[in-house]
Amino acid sequence: MNLTEEHQETPSVYSNFSCLETSPTAAGMLLYMPVALAVSLTVCGNLLVIISICHFKQLQTPTNFLVLSLAVVDFLVGVIVMPLYFIKWIDQWRCFDILYCTTYKIAAYCFTCISVYNVALIGLDRYLALSNPFHYSMKMTVNVTLRMIAILWLYSFIYNMVLLYSNGDFTDMKENITCECVGTVNKVWAIVDFIIAFVLPCSMIVIINLKIFAIAKKHANKIRSVRTCSKNDHGSMASERKAAKSLGILVAVFLLCSVPYYVSAFVEIYFKNKSVNLAISTTVPLLYLNSSINPIIYALFYPWFQRSVKLILTLRICDSESSMLNVQRET
């Protein structure tokens, strides 16, 4: 669904990675610096989240496994998708090996789909936990969560492989190199993809989070109405507020980063001009930069992540039985 300009010049210098070796300009070098910073933040930040949840037993809860799934997606975006996209974004004449481009297209489509549905699952998880805590603790086990994550990843992979194959991204590969490293879809598939990959999950996200805030507010009002409320009640109310606030910020940032791209891509189906092209080229980086912002949100609003990072950076996780340390709260 991305727009790219067609280049008619044939590259003359080849390499294993790029088929056109160009000398970077001063402006290009300046752009590479913030790009390198964003990629490093994406990879390192999400890697810290992955290590934290995988290492500390206390963090291995259904909710955190959903956060882990999102962190893995964001990590892979930083490793596979962002480097090639931003290289092409800065140096539009650079060409790449067709196998690498195919991997990039599959990764870009799959990871975007997984991310939006993963955020929806995190919201659904919090909604079930707030609306019926007893039922949630009995039914929403770690094994159930892992199955849901596996189904999500498998579904996204199969759906996007069918999407790309149906639009000729695999059947039309005649050259070993390409300067057009983007996926193309026809109008029918573009509308279907817009509904499946954006409208449905984002509608779920908005509706679920509105219900979460309504439940959190209702619980808070009930506790305030009881004059002789215990210390645990106050702690529970504060915990619910904090959880709702953290999730709300995560969702709000996600929507702010993703909605402009999906709207621009949908408009592109019917109108193809320079303005739409500019909108696409502006909103795609914003979509990918959401993977860089998520670790910052965790660091600011998830105390367990702050404590885990301290233990990781100070190498205390190398100690025996460090996986059993308490990182959920101060002792």
Y136 atom OH: more than 12 heavy-atom contacts under 6.0 Å: yes
Neighbour count >12 (heavy atoms, 6.0 Å) for atom CH2, W89: no
With sequence neighbours excluded, residues passing side-chain contact (heavy atoms from CB on, under 4.5 Å) with [X]:
| X | answer |
| --- | --- |
| C257 | V253, L286, N290, I293 |
| V251 | V119, I205, N209, L247, L255 |
| I51 | L47, I312, I317 |
| A279 | S264 |

Side chain to side chain, [X] and [Y], heavy atoms closer than 4.5 Å:
| X | Y | answer |
| --- | --- | --- |
| W304 | I53 | yes |
| F305 | L59 | no |
| L128 | H135 | no |
| L121 | L70 | no |
| L37 | M33 | no |
| C113 | N160 | yes |
| N118 | F111 | no |

N326 side chain vs Q328 backbone, donor-acceptor pair below 3.5 Å: yes
Any donor-acceptor N/O pair, Q58 side chain to M324 backbone, under 3.5 Å: no
Cluster question for you: counting only ILVMFWY and a side-chain heavy-atom cut-off of under 4.5 Å, with indirect links fine, are [X] and [Y] together?
| X | Y | result |
| --- | --- | --- |
| V259 | L278 | no |
| Y127 | L210 | yes |
| V49 | L313 | yes |
| V142 | I149 | yes |
| L250 | L256 | no |

Considering non-hydrogen atoms only, spot the tightest contact between [X] and [Y] and give its length.
| X | Y | answer |
| --- | --- | --- |
| C202 | V116 | SG-CG2, 4.0 Å |
| P62 | M140 | CG-O, 3.2 Å |
| F271 | V276 | O-CG2, 3.4 Å |
| L311 | V327 | CD1-CG1, 3.5 Å |
| G123 | I208 | O-CG2, 3.2 Å |
| P285 | F86 | CB-CE2, 3.8 Å |

Go through the structure and list residues passing ring-ring contact (aromatic ring centres under 6.0 Å, His included) with [X], not counting sequence neighbours.
| X | value |
| --- | --- |
| Y298 | Y302 |
| F213 | none |
| Y117 | Y155 |
| W153 | none |

[atom1] of [X] to [atom2] of [Y]: how many Å apart, nearest 0.5 Å?
| X | Y | atom1 | atom2 | result |
| --- | --- | --- | --- | --- |
| R126 | S131 | CZ | OG | 10.5 Å |
| S69 | I50 | OG | CD1 | 10.0 Å |
| F157 | I114 | CZ | CD1 | 10.0 Å |
| I151 | L154 | CD1 | CG | 8.5 Å |
| K105 | L164 | NZ | CG | 7.0 Å |
| L41 | N294 | CG | CG | 10.0 Å |

side-chain hydrogen bond (donor to acceptor under 3.5 Å, both in side chains) involving S291 - partner list, sequence neighbours excluded: D74
Set of residues satisfying side-chain hydrogen bond (donor to acceptor under 3.5 Å, both in side chains) with respect to Y159, sequence neighbours excluded: D193
Pairs meeting criterion side-chain hydrogen bond (donor to acceptor under 3.5 Å, both in side chains) with involvement of residues 33-56, two or more places apart: T42-S292, H55-S322
Cluster companions of F134 among Ile, Leu, Val, Met, Phe, Trp, Tyr (side-chain spacing under 4.5 Å): M138
